[in-house]
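Only a predicted model underlies this, so the values are computations on that prediction, with no experimental measurement involved. First the proteins, then the strands, lettered A, B, ... as listed; each starts at 1.
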2 protein chains.
Amino acid sequence: MNTPFSKLASPLLNIPVLKASCAGCSLHQLCLPMGLDNADMGRLDQIIGRGQRISRDQRLYRMGDPFKNLYAIRFGHFKTCHMSNGGEEQITGFQMAGELLGMDAISSDHHHCDAIALEDSEVCEIPFSRLEELFSHIPTLLHHFHRIMSQEITRDQNVMLLLGNMRAEQRFAAFLVNLSSRYLARGYSSTSFQFRMSREDIGNYLGLTIESISRLLSSFRVKGWISVDKREIHILDLPKLKEIALGSELAMMTKKDCKPVAPAIAKT
Amino acid sequence: MNTPFSKLASPLLNIPVLKASCAGCSLHQLCLPMGLDNADMGRLDQIIGRGQRISRDQRLYRMGDPFKNLYAIRFGHFKTCHMSNGGEEQITGFQMAGELLGMDAISSDHHHCDAIALEDSEVCEIPFSRLEELFSHIPTLLHHFHRIMSQEITRDQNVMLLLGNMRAEQRFAAFLVNLSSRYLARGYSSTSFQFRMSREDIGNYLGLTIESISRLLSSFRVKGWISVDKREIHILDLPKLKEIALGSELAMMTKKDCKPVAPAIAKT
DNA sequence: CGAAGAGTTGACCTTAGTCAATACCCGTGG
DNA sequence: CCACGGGTATTGACTAAGGTCAACTCTTCG
């Protein structure tokens, strides 16, 4: 295992200080420094602050906190929770290693949501003002940063699609497929992984109740598409899940084997 | 009325060419050039391409189109439609004058949605590559651009909250209040305006059916909160709508006048 | 005038939420 | 060791919110 944080002895306090290094990090092709040459990556390393350990259930930042840093997740998982003024909370996303936290705060200089660790995790602190200084010297970095922000927008809009259009089964399938592909991109198994979040979190994220999630898990299990043991899940029929996630008409067709003649993608 | 586009005679074709000018535009305090001094605004003007007229129902861009420009809405209204792979469409937003279109396309160099004019409209074309060049010379502009992107993220996440947590009545109230405040910010009446979109569009956006929208309009009318005539709406009780939009517990309280003693904002 | 499109309203039905009982896991302490 | 309690998950029975289907109106446009 590579150790992307080198432990330096703090001269005064004699406690280990975590010093991040993009160059030594296995995620640099997924994360902010993507596409940078060694020289530029070095410059980025210079501004990146000390790493932070965040233990399970701890908040990296809270809604209303002043905005200073973006955070790149080194390892671990987070959820971001928005609170409506009425007090109900909505989980707007689950983030994993290599992803950036805090971009929602740029617009108003304070955070709009809570970021909560789902397990013991570690993040790199990226002072945003220094990052902005760097942008004028490294156009590649700027461009990539814009891609990341834009990606976040696209992702959110896909969730809107999910919440606005899909029925429970489809939402849940889409959720599983999404997790699956993100683990794949990180070099993990796309078919066997653990839920880092509770059923309640999943339900909240998908706009469903905890009971519905439970029932969906059971139903998918009975149908032979997955096997579950607590938070351990094995996807047994990924193509089927993708089909369900993709949606409705097409899935209905194949399910009922009806009218394979007429073009399935008829206008709605 | 100020005319932000000056008509120049095209030397060859002798047709009027629309030349945009931020300095002369009434929206420059809402739009991209916000906070720029005159010199910088001039530099921005230099890169802004010709204006485009988009007539009602026409598409400014389509999903899959290569990404070249961002577009600032000069006047008129747009909707952005995502298509799921399954073919169902979801309207992810309604945009009005002073807002930027196309930011979702930065991540992959092609557009992820269709932008459709809800009425005859006009946009300024902003070549993104030239804008990025400008960023290194005008940090203020870059910073503001980041705020705009971040705002888009926040806004999308608020819609997620709406779709994930709110019930029909609350969604619709939130929708009305949102429109109201955006018109206010543009100097229009916050209580009397026209829907630029059909009931179907509203329903699609809010994750409800057209029939539900119709019923909600009727019910709000009967309760005396609004008056509607086709697409003309007058908000008669904005505070009430805000209360409903804000949500649940608080609204329930006042509605039923029950237990005004216990703190309404109890933990969920 | 007739046809098409948009909107309204009513009757009925389905999906997922609510409520409640129960199971299971795990850490604590007698 | 087992009992206890709290958090988490599963399952069932019932309900309600909103979807579906259908009839009808109104407006617009050719």
Taking A:N204 for its side chain and A:E89 for its backbone only, find out whether a donor-acceptor pair lies under 3.5 Å.
yes

Ion pair A:R56/A:E119, N-O distance below 4.0 Å:
no

At 4.0 Å (heavy atoms only), tell me whether B:S214 reaches a base, stays on the sugar-phosphate, or touches nothing.
base

Rounded distance (Å) that lies between atom P of C:dT15 and atom CG of A:L206:
18 Å

Hey, do the aromatic rings of A:Y188 and A:F193 have their centres closer than 6.0 Å?
no

Using only atom types and a distance under 3.5 Å, with no angle test, would you say the side chain of B:E232 pairs donor to acceptor with the backbone of B:D229?
no

May I have the distance from A:F195 (atom CZ) to D:dT8 (atom P), rounded to whole angstrom?
16 Å

Going by side-chain contact (heavy atoms from CB on, under 4.5 Å), name the residues that satisfy it together with A:K79, two or more places apart in sequence or in a different chain.
A:C81, A:I91, A:F94, A:I116, A:L118, A:D201

Between C1' of C:dG5 and CZ of B:R199, the distance in whole Å
13 Å

Pairs: protein N or O with nucleotides 24-30 of chain D N or O, under 3.5 Å:
none

Integer-rounded Å distance: D:dT8 P and A:R196 CZ
18 Å

Rounded distance (Å) that lies between atom P of C:dA6 and atom CD1 of B:I210
8 Å

A:I213 CD1 to D:dT8 C1', straight-line distance once rounded to whole Å
14 Å

B:D57 CG to C:dG5 P, straight-line distance once rounded to whole Å:
12 Å

Mind calculating the distance between CG (A:D201) and P (D:dT8) to the nearest angstrom?
9 Å

Side-chain (A:R74) to main-chain (A:G51) donor-acceptor, under 3.5 angstrom
no

Side chains of A:N158 and A:N178: closer than 4.5 Å at any heavy-atom pair?
no

Is it the case that more than 12 heavy atoms not belonging to A:R231 sit under 6.0 Å from its CZ atom?
yes

Take atom CD of B:Q194 as the centre, draw a 6.0 Å sphere, and report whether it contains more than 12 heavy atoms from other residues, nucleotides or ligands.
yes

Return the polar atom pairs (N/O with N/O) between nucleotides 17-20 of chain D and the protein under 3.5 Å, or none.
from, atom 1, to, atom 2, distance (Å)
D:dG18, OP1, B:A168, N, 2.6
D:dG19, OP1, B:G207, O, 3.3
D:dG19, OP2, B:T209, N, 3.3
D:dG19, OP2, B:T209, OG1, 3.2
D:dG19, OP2, B:S212, OG, 2.6
D:dT20, O4, B:R215, NH2, 2.9

